[in-house]
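Here the structure comes first, spelled out in structure tokens, and everything after it is commentary.
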Amino acid sequence: MTPAQRQQLFERLAQANPHPTTELIWHTPFQLLLAVLLSAQSTDVGVNRVTAPLFPTLQTPQDLLTLGLATFEEAIRTLGLYRTKSRHAIEMAKILVDQHEGQVPETQVELEALPGVGRKTANVVLNTLYGHPTIAVDTHVFRVANRTGLARGTTPLAVEQALLRAVPAPFLQHAHHWLILQGRHICLARAPRCGICPIQDLCDTGKIHV
DNA sequence: ATCCCGAGGG
DNA sequence: CCCTCTGGAT
């Protein structure tokens, strides 16, 4: 894909979504961190479903410690991976209270040191919470980048590095969410909706068929 | 049967 | 590299 085509690709995604943001519902920094941790192998709709009744009284890491492991497990049970996620969330809250004065850290290293927080989650937090020009590569971004030919790679890290080179600078800030929304609503995993895709003519796969 | 804003452990 | 964690949606 040529630089001009990449520019055009993001111009169209930007036009379709002028103010892209996460579809997770949150109000405090800790809630965003917790919601992203819960989103692993789960849909945002599912995460919002379990956090809606929880978040009014769960705003800080201390609130989660007060709630306790058993109650939290029960509250997120329908998400899947609930035991691992609950354990990580509680351990994460302890570290935030003990070592970060209850605040969400702003560096990749500090974030990835938290239980349950890997590179993808750290990138989402840095971008969404602090406005860093990071690109978190999740299942959607990975699929869209490889399918379109925007940036190819066999691992999430390789795709992330390819995207950082392929995305025109003015679009870096919101590239993550534009690609996510494209993957979630248009470039679906099983049945991509090429008929309504705004970048179909720029896409390597879209030209071929589907 | 496959996928969903993955991470940690072996 | 592989495996496991986990339930709901399609």
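This is a predicted model, so every value here is computed, not measured. Order of the sequence lines fixes the chain letters, A, B, ..., with proteins taken first and strands second; residue numbering starts at 1 for each chain.
In this model, the phosphate group of C:dT6 is not approached by any side-chain N or O of A:Arg77 to a distance below 4.0 Å at OP1 or OP2.
If you take CE of A:Met92 and C1' of B:dG8, they are 15 Å apart, rounded to a whole angstrom. C:dC5 atom P lies 19 Å from atom CG of A:Leu38, rounded to whole Å.
Residue A:Thr155 is the one, among A:Arg83 and A:Thr155, whose nearest nucleotide of DNA chain C lies closer to the 5' end (criterion: closest heavy atom). Mapping A:Thr154 and A:Lys85 onto DNA chain C by nearest heavy atom places A:Thr154 at the nucleotide closer to the 5' end.
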**Q.** Annotated protein contacts, base or backbone, on nucleotides 2-7 of chain B with a non-hydrogen cut-off under 4.0 Å, one of B, S, - each
**A.** BSBBBS

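Distance check on atom C1': C:dC3 versus B:dC5 gives 22 Å, rounded to whole Å. Look at the C1' atom in both C:dT6 and B:dC4: the space between them is 12 Å, to the nearest Å.
Between A:Arg184 and A:Glu23 a salt bridge is recorded (basic side-chain N to carboxylate O distance below 4.0 Å). Using a 4.0 Å cut-off between charged side-chain N and carboxylate O, A:Arg87 and A:Glu73 make no salt bridge.
A donor-acceptor contact closer than 3.5 angstrom links the side chains of A:Gln7 and A:Glu11. Under 3.5 Å, the side chains of A:His132 and A:Glu106 contain a donor-acceptor pair of N or O atoms.
Shown here for A:Val124 and A:Ala136, the closest heavy-atom pair between the two residues is CG2-CB, 3.4 Å.
In this view, A:Thr107 and A:Val109, A:Glu110 satisfy the side-chain contact (heavy atoms from CB on, under 4.5 Å) rule, not counting sequence neighbours.
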